[in-house]
> 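Mind having a look at this structure? Questions to follow.
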Amino acid sequence: MKTGRQTFNKWQLPLTLVLFLSGLLLVMALRSLAASDSNPTRLQNDNLVNLIKTQEREIAGIQADISARRNLINNSRLTSASGKQALVSLQSQIQQLDIVAGYTEAKGPGLLISLDDNRKDAEAAQARNPAQFKPDDFLIHDRNLLYVVNDLRAAGAEAISVNDQRVVASTEFRCAGNTILVNTTRLAPPYIIRAIGNQNSLTRTLDLPESEFNILKMSGFPVSVESSPALLLPAYKGSYQFSFATPKAGS
Amino acid sequence: MDSVKKWRIPVLITFLLLGIMISVQFHTQQTFLSDLSLQKTDDLVLILQRLHDNRTKLEVDLYNLEQQQQALSNDTSSGASLADNLKKESGKLQTALGVIPVQGPGVTVTIPADSPIVYLDLVDIVNELWASQAEAIAINDQRVTGWTTVFWDKQKMTITVNGKDISFPCTIKAVGNPDTLDSGLRLLGGVLDSLAVFKIYPLVSRSTELDLPAAGPPVFRYVQPVPNPQQ
């Protein structure tokens, strides 16, 4: 009788612990299931998602129209300007500005950097301690992209792109929930950053212990960098518009 | 020995179930993170708003280009209107690139002298101002452009912008809609909230007239343009 009681006690504690944990997990799983299926905001969200997708499709159409028209105008300006010295120099000045403004694709030597969410460690961390698991710790955020881009600028990068978005002066890096917006366009991981510039200088900056790339690497994110003699960067498809800023008189 | 075996099987089964549940839970979480329709409604509204703003701007661009096209096809012989057209385009590009001084309404963010600020705080503030549709930005007397460097100089132990030491109080001026810029900085959990955690309290004031200096032209040696397709 006494020995039977002792063995009963021995497995009672671990089993209670395990059952308690399973209960906790079951509640979490059911809760997220409920959130995804019977949530009353789900229907409203579906409508919003449809609106977002329609808007994105139509914006892509307008952007294509704009770049086609810009080409046509540039060509007919060239024809109209030919022979008139003042106009020719103005036209070639605009062509130079277009390049810096990112209105043309860019090519050159530089680095190709890849940043991805840390799914492997996320899975392990959740298995180890599901109650304290914070998925945010294992995702690439808007600030991570912003800081890598800032490091590249500091290293003298002449042109930068993230996925299919050319980074210009006014490009913003913004989070909306778990979505990163760059040039108001949604980006998804992996994030491929292309930077044209002096390869030695760019590599030296990324190798600094305090560089954002290095911090991500040390934190276990799957990141990589490779040199390329000929990168091709997309053109900027956004808008430059000024409703408040005016060139200062007399300049 | 017998009693050991007795509890082994139920514990084994429970652990097995636990394992399955953890992996199921993880996959639910993953789909939850990537599925747009499972994001918070507020975030979706924000994305939609930004898309709408962007679209409005692009439509104005398109309209302007249509006008230009018409002007070009109407009087290809008249050099005067073409020159006007080209000058306007050139001015707009120079404003965008920050290579000419500009003026306009906006906000001034002043960071007091004794703030424990790091260079990334400046990068955050500038990023928030661009996200709030700033049209031109300057840190102290340095115009912020696509080739502006904001960095910590280890030798001099100071924050530098374009290689120049930043003196305090540091002022960041942004031309744009003062209301949009101000509310962008004050977003809940936004850049001012993050700085307050480190006891940094920048002063934000609206101005009706700001003067921003020009940046020097970029010296690019590696980038080459890919010409647009001829049509």
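Here is how names work: the chains are called A, B, and so on, in the same order as the sequence lines, proteins then strands, and each is numbered from 1. Since we're looking at a predicted model, the values are computed, not measured.
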> In terms of heavy-atom pairs under 4.5 Å with chain B, which of A:Leu232, A:Ile66, A:Ile99 leads?
A:Ile66
> Can you find a pair of side-chain heavy atoms, one from B:Lys154 and one from A:Leu208, that are under 4.5 Å apart?
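Contact flag for B:Lys154/A:Leu208 side chains = yes.
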> Are any non-hydrogen side-chain atoms of A:Thr179 and B:Ile47 less than 4.5 angstrom apart?
yes
> Is any side-chain heavy atom of B:Asn177 less than 4.5 Å from a side-chain heavy atom of A:Phe244?
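In contact.
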> Return the NZ to CD1 distance between B:Lys88 and A:Ile94, rounded to the nearest 0.5 Å.
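Output value for this atom pair is 12.0 Å.
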> Considering only heavy atoms and a distance below 4.5 Å, find which of A:Gly156, A:Ser243, A:Pro109, A:Ala157 pairs most often with chain B.
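The candidate making the most pairs under 4.5 Å is A:Ser243.
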> State, with a plain yes or no, whether a side-chain heavy atom of A:Val100 is found less than 4.5 Å away from one of B:Pro218.
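A:Val100 reaches B:Pro218 side chain to side chain.
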> Heavy-atom cut-off 4.5 Å, strictly under: side chain, backbone, both or neither for A:Thr185 against chain B?
neither
> I'd like to know if the side chain of A:Glu158 and the backbone of B:Tyr222 have a donor-acceptor N/O pair within less than 3.5 Å.
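Flag set: sc A:Glu158 to bb B:Tyr222 pair under 3.5 Å.
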> Identify which of A:Gly108, A:Ala154, A:Ala188, A:Pro130 forms the greatest number of heavy-atom pairs closer than 4.5 Å to chain B.
A:Ala154
> So how far is it from A:Ile59 CD1 to B:His52 NE2, rounded to the nearest 0.5 Å?
10.0 Å
> Tell me, side chain or backbone of A:Asp117 under 4.5 Å from chain B's heavy atoms, or both, or neither?
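Answer is neither: A:Asp117 stays 4.5 Å or more from chain B.
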> Heavy-atom distance under 4.5 Å to chain B: side chain of A:Leu181, backbone, both or neither?
side chain
> Once you round to the nearest 0.5 Å, how far does CG of B:Asp84 lie from CG of A:Leu90?
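CG of A:Leu90 is found 10.0 Å from CG of B:Asp84.
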> Which residue out of A:Ala127, A:Gly197, A:Gly238 racks up the most heavy-atom pairs below 4.5 Å with chain B?
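With the most close heavy-atom pairs to chain B, the winner is A:Gly197.
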> Counting heavy-atom pairs closer than 4.5 Å to chain A, which one of B:Leu120, B:Asn54, B:Val219, B:Leu17 comes out on top?
B:Leu120
> Identify the heavy atoms of B:Lys92 and A:Phe242 that sit nearest to each other, and give their distance.
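In terms of heavy atoms, the two residues are closest at O-CE1, 3.6 Å.
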> So which of B:Val123, B:Thr145, B:Val175, B:Leu46 has the largest heavy-atom pair count under 4.5 angstrom toward chain A?
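That would be B:Val123.
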> Nearest heavy-atom pair of B:Glu135 and A:Ala245: which atoms, and what distance?
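Minimum heavy-atom separation between B:Glu135 and A:Ala245: OE1-N, 2.7 Å.
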> Please classify the contact between B:Phe151 and chain A as side chain, backbone, both or neither, with a heavy-atom cut-off of under 4.5 Å.
side chain
> For chain B, find which of A:Asn183, A:Asp65, A:Val168 contributes the most heavy-atom pairs closer than 4.5 angstrom.
A:Asp65
> Please classify the contact between A:Ile160 and chain B as side chain, backbone, both or neither, with a heavy-atom cut-off of under 4.5 Å.
neither
> Under 4.5 Å between any side-chain heavy atoms of A:Glu172 and B:Gln133, yes or no?
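No, side chains not in contact.
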> Is it true that atom CZ of A:Arg143 has more than 12 heavy atoms of other residues, nucleotides or ligands lying nearer than 6.0 Å?
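Counting other residues, nucleotides and ligands, CZ of A:Arg143 stays at 12 neighbours or fewer.
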> What part of B:Ser194 is in contact with chain A, defined as an atom under 4.5 angstrom from a non-hydrogen atom: side chain, backbone, both or neither?
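Side chain of B:Ser194 only, per the 4.5 Å heavy-atom cut-off to chain A.
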> So which atom in A:Ala169 and which in B:Gly146 form the shortest heavy-atom distance, rounded to 0.1 Å?
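Looks like CB-N, 3.3 Å.
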> Heavy-atom distances under 4.5 Å only: say whether A:Asp142 touches chain B with side chain, backbone, both or neither.
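Answer is neither: A:Asp142 stays 4.5 Å or more from chain B.
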> If I compare all heavy atoms of B:Ser90 with all of A:Leu97, which pair ends up nearest, and what's the gap?
O-CD1, 3.8 Å
> Heavy-atom pairs under 4.5 Å with chain B - which of A:Arg70, A:Glu58, A:Glu56 has more of them than the others?
A:Glu58
> Quick check on B:Leu44 against chain A: is it the side chain, the backbone, both or neither that has a heavy atom closer than 4.5 Å?
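Both parts, heavy atoms under 4.5 Å.
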> Side chains of A:Ile52 and B:Leu48, heavy atoms from C-beta outward: is any pair under 4.5 Å?
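The answer is yes; the side chains approach within 4.5 Å.
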> At a heavy-atom separation under 4.5 Å, does B:Thr160 approach chain A through its side chain, its backbone, both, or neither?
neither
> Let me see the working for B:Asp124 and A:Phe173 under side-chain contact (heavy atoms from CB on, under 4.5 Å), right down to the final yes or no.
CA-CA 10 Å; B:Asp124 283 337; A:Phe173 295 84; over 6 Å; no
> Would you mind checking which part of A:Gln63 comes under 4.5 Å of any heavy atom in chain B, side chain (CB onward), backbone (N, CA, C, O), both or neither?
side chain
> Between A:Asn150 (side chain) and B:Val150 (backbone), is there a donor-acceptor pair under 3.5 Å?
yes
> So do B:Gln94 and A:Gln93 actually touch side chain to side chain, heavy atoms under 4.5 Å?
yes
> First locate atom CG of A:Asn71, then atom CG of B:Leu65, and finally report the distance between them rounded to the nearest 0.5 Å.
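If I round to the nearest 0.5 Å, the distance is 10.5 Å.
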> Rounded to the nearest 0.5 Å, how far does CD of A:Gln241 lie from CG of B:Leu58?
8.0 Å
> Rounded to the nearest 0.5 Å, what separation is found between the OG atom of A:Ser239 and the CG atom of B:Leu62?
11.0 Å
> A:Ser170 side chain to B:Trp130 main-chain N or O, any donor-acceptor pair under 3.5 Å?
no
> Any heavy-atom pair between the side chains of A:Lys248 and B:Ile100 that's under 4.5 Å?
no
> Might you point out which heavy atoms bring A:Ala106 and B:Val223 nearest each other, and give the distance in Å?
CB-CG2, 3.6 Å
> Which of the residues B:Leu93, B:Leu86, B:Val126 is involved in the greatest number of heavy-atom pairs with chain A at under 4.5 angstrom?
B:Leu86
